[in-house]
Amino acid sequence: MKPDRSSRPLGGLLLPAILLAALACVPLLSPPDYLMHVMITMLLTALAGTGWAMMGRFGLVSFGHGAFLGIASYTMALLWNLYGITPWLGIPIGVAAAVAAAVLLGYPSFRLRVVGHYFALVTLAAGEIVRILIVALRDITGGSLGMTPEQAEPGMGFFALQFGKVGFWWIALLAWAGGLLAWRALDRSMSSKALAAIAEDEDAAASVGIRVTREKLKVTMISAGLAALAGALTAQYRMYLNPESLAGLGISLQIVFGAIAGGMYSPIGPTIGALITIGLDESLRIGFGTQFIGAAPFVYGILLVLFMLFLPRGIAGLLERRRRPPQSAATPAREAAARP
Amino acid sequence: MDPFLLEALLNGVLLGGVFALPVLGLNLVFGVVDVIWLCYAELVMVGMYAVWFLYTQMGWPLALAFAVCLAVVAMLGLLLHLLVVRPLLGSPPISQVLATGGVLFVLQGAATLVFSTDFRSLGVEMPPMEMGEVFISGTKLAAFIAALTGAGVLWAFLKFTYVGTAIRAIARDREVMPLMGVDPQRIYLIASAVGGALAGLAACLLVVQLDVHPFIGLSFGPITFMICVMGGLGNMLGGFLAAFLMGLIVSTGGFWWNTEMSYVVAFLFFILVIFLRPRGLFAR
């Protein structure tokens with residue numbers, strides 16, 4: 001863990017604040033719609049990745065973060081379509097529902113010491129459950145065809161959280177900055193030390209008085225909440241919800257990929273990852289045209305393998321840490337080369 | 001007894017037989033190499049495409065297409081181990097799992113690029129068999145018998161051959177076996193090839209029942225991992241039994257509710273098993 005730059009609570013925030021203000025002014029340059037769209041998507045993807053990495057970096061690897069995106073976005077959209085409850089309220093309710101689901105899944109997992117592969121598979125199952133439930137409840141969710149939030153009546157756009165790209169740019173920017181602030185707050189608290197100790201050795205951590213279940217649960221709730229917020233905002237921005245793109249294994253692995261590629265040990269890593277994945281996505285879409293559906297996963301997959309082989313700490317790891325982590329290099333045993 | 005329930009139960013057993021093969025393959029690789037192949041279902045998908053291509057496009061006899069499929073997927077297993085898994089053997093498990101997850105995307109993307117997202121059907125169907133009031137699909141029954149035979153051959157291989165004994169030994173204690181003169185790298189290679197061949201066999205049995213498309217792996221991949229864990233990772237017999245249990249849950253779930261809800265129930269059951277019996281259903 002890096003020591004804090006300053007002991008003051010807001011120390012070291014000046015530069016980020018200036019950067020944020022500069023980003024907030026981007027719409028004044030009136031960039032083309034397409035560019036705005038890509039940048040908003042990047043911010044929201046970055047938020048989801050930041051949420052995932054928040055727990056991923058402590059060895060709590062989730063393959064089911066799609067569940068939180070799905071719960072929050074569908075809760076929000078259904079509240080609006082069925083009861084006319086504004087997304088301004090719907091999003092907090094949806095996020096709360098996702099956090100509640102995270103507790104429901106996390107508490108027994110941590111209490112009963114479900115770790116490593118097992119935890120990953122439990123979250124995978126949870127993500128799939130949410131996806132299948134959305135498909136199965138097709139009478140109200142539209143099933144695999146997806147659903148669209150109803151258009152607001154003229155003049156009610158603000159109430160319905162439906163406005164153009166500029167408005168969403170600011171909302172996405174705020175949400176993203178909120179995610180980074182949450183990361184910073186966690187890093188400055190005792191919890192991050194406790195979690196680092198837990199990741200190293202759970203029994204030893206417990207023996208020095210760290211409340212393992214509580215600490216893990218806390219970071220899981222934050223992580224799920226951020227991912228859920230990203231999911232709800234994405235759905236509201238696109239005005240379209242689909243079980244495949246908001247829940248299940250596919251989207252969960254995409255979130256993981258972004259966070260890993262950017263580097264999950266650095267606060268800015270998942271954002272770098274989102275820039276790369278969305279940038280790659282768009283250039284492949286332009287480059288391959290109709291072949292895009294096949295080419296994108298193909299290229300992603302190769303990159304993911306290469307990252308794991310050569311750059312497991314991601315791009316941020318490359319930028320941040322000059323000194324190599326004290327980790328023994330993989331040993332391709334020599335004796336194997338001798339015999340086929 | 002309600003004939004529909006009876007039919008659901010029988011189908012569950014047949015389904016379990018189909019689940020059993022990939023579960024055994026995954027278990028073998030995990031037990032021996034200690035790496036989870038997240039892309040296992042995609043290896044099966046490649047095998048299914050191989051059979052479909054050779055049989056319908058090239059006009060090869062089905063048996064020959066099956067044999068080539070086995071060889072191709074076994075080779076893929078070897079390549080996967082050599083190119084991706086072996087360089088990562090010293091890395092944390094998360095890197096290994098994610099790298100094989102990358103292979104999952106590569107295979108999915110490649111299949112989409114080569115074969116498009118269309119559903120491809122083999123068009124082979126055996127006549128259904130009637131037993132009293134119950135109808136059983138002949139194809140499913142044949143696949144079931146083939147799966148049991150495959151499992152039996154695997155068991156005999158592990159039990160009675162020298163290499164099989166070495167495989168079982170290394171799964172039990174990977175520290176000591178190298179001292180006994182067993183080269184772990186060689187055993188890893190063999191286990192990966194056998195694991196691949198089992199995926200190939202599963203592909204042969206699935207392609208006669210289901211249409212193949214690039215994303216078919218996502219439909220049975222997750223449940224395969226869950227069965228594997230439920231049976232106890234590395235525990236062959238446990239995985240084999242858990243496959244039938246899960247088959248019954250999915251199939252009778254379709255009888256009580258609908259197919260989708262039956263998967264929800266199966267996954268919830270999996271989560272409960274992990275909470276209550278983390279070492280697997282059949283751990284002592």
Side-chain angles (χ1 to χ4, degrees), chain A residues 56 59 61 63 105 108-109 111-114 116-122 124-129 132-133 135-136 138 248-250 253-254 256-257 260 288 291 293-309 312 327-333 335-340, chain B residues 30 36 38-39 83-84 86-114 116-117 178 183-186 188-189 214-215 218 221-223 225-226 228-229 233 257-261 263-264 267-268 270-271 274-276 278:
Chain A
V61 173
F63 283 159
L105 189 70
S109 293
R111 186 79 214 181
L112 299 166
R113 320 281 306 272
V114 176
H117 285 143
Y118 293 88
F119 181 69
L121 283 167
V122 164
L124 188 154
E128 283 294 298
I129 287 176
I132 299 172
L133 276 179
V135 175
R138 54 177 62 80
L249 182 59
L253 281 180
Q254 268 172 35
V256 178
F257 172 64
I260 297 272
F288 283 89
Q291 291 280 298
I293 350 173
F298 187 73
V299 176
Y300 271 138
I302 290 180
L303 283 177
L304 185 49
V305 174
L306 290 179
F307 267 112
M308 287 296 106
L309 285 175
Q327 138 196 6
S328 62
T331 45
E335 63 267 42
R339 269 172 283 176
Chain B
F30 182 83
I36 292 185
L38 207 57
C39 57
L83 296 179
V84 178
R86 187 192 267 182
L88 287 172
L89 279 178
S91 305
I94 172 66
S95 301
Q96 300 164 346
V97 173
L98 285 174
T100 61
V103 177
L104 179 159
F105 284 125
V106 171
L107 294 178
Q108 246 178 34
T112 312
L113 286 173
V114 178
S116 86
T117 50
D183 174 4
Q185 292 297 333
R186 195 164 145 250
Y188 290 175
L189 269 182
F215 304 102
L218 291 181
I223 202 164
F225 295 114
M226 289 170 204
C228 215
V229 173
L233 273 170
W257 305 282
N258 57 42
T259 325
E260 284 140 359
M261 288 314 279
Y263 273 91
V264 171
F267 290 173
L268 280 177
F270 162 76
I271 293 181
I274 292 300
F275 285 166
L276 301 178

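Proteins come first, then strands; the chains are lettered A, B, ... in the order of their sequence lines, and each starts at number 1.
- Residue contact with chain B, scored on non-hydrogen atoms closer than 4.5 Å, is absent for A/L306.
- Your options are B/L218, B/L83, B/I36, B/L107, and the one with the most heavy-atom pairs under 4.5 Å with chain A is B/I36.
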### Task
Begin with the C-alpha distance, continue with both residues' side-chain angles, and end with the deciding distance and a verdict on side-chain contact (heavy atoms from CB on, under 4.5 Å) for B/L38 and B/F225.
CA-CA 8 Å; B/L38 207 57; B/F225 295 114; 4.0 Å; yes
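- No side-chain heavy atom of A/L121 sits less than 4.5 Å from a side-chain heavy atom of B/I274.
- Within the 4.5 Å cutoff, side-chain heavy atoms of B/M226 are placed close to those of B/F267.
- Between chain B and the options A/L303, A/I260, A/L249, A/L133, heavy-atom pairs under 4.5 Å are most frequent for A/L133.
- Interface check for chain B: of the options A/I129, A/L112, A/V256, A/V305, the most heavy-atom pairs under 4.5 Å are formed by A/I129.
- Contacts of B/V97 with chain A are made by side-chain atoms alone, with heavy-atom separations under 4.5 Å and no backbone atom involved.
- Contact check for A/M308 versus B/V84: no side-chain heavy atoms found under the 4.5 Å cut-off.
- Contacts of B/F275 with chain A are made by both backbone and side-chain atoms, with heavy-atom separations under 4.5 Å.
- Options A/Y118, A/F257, A/F119, A/F307 differ in how many heavy-atom pairs under 4.5 Å they form with chain B, and the most are formed by A/Y118.
- Only the side chain of A/V114 comes within contact range of chain B, with at least one heavy atom under 4.5 Å from a heavy atom of that chain.
- For A/F63, the part lying under 4.5 angstrom from a heavy atom of chain B is the side chain only.
- Between B/T112 and A/F298, every side-chain heavy-atom pair lies at or beyond the 4.5 Å cut-off.
- For the set A/A120, A/A295, A/G116, the count of heavy-atom pairs under 4.5 angstrom toward chain B peaks at A/A295.
- Looking at A/L309, the atoms closer than 4.5 Å to chain B (heavy atoms on both sides) sit in the backbone and in the side chain alike.
- Within the 4.5 Å cutoff, the side chain of B/F105 has no heavy atoms near those of the A/V299 side chain.
- Here the closest heavy-atom approach between residue A/I132 and residue B/E260 is recorded as CG2-O, 3.4 Å.
- Looking only at side-chain heavy atoms (C-beta outward), B/I271 and A/L105 come within less than 4.5 Å of each other.
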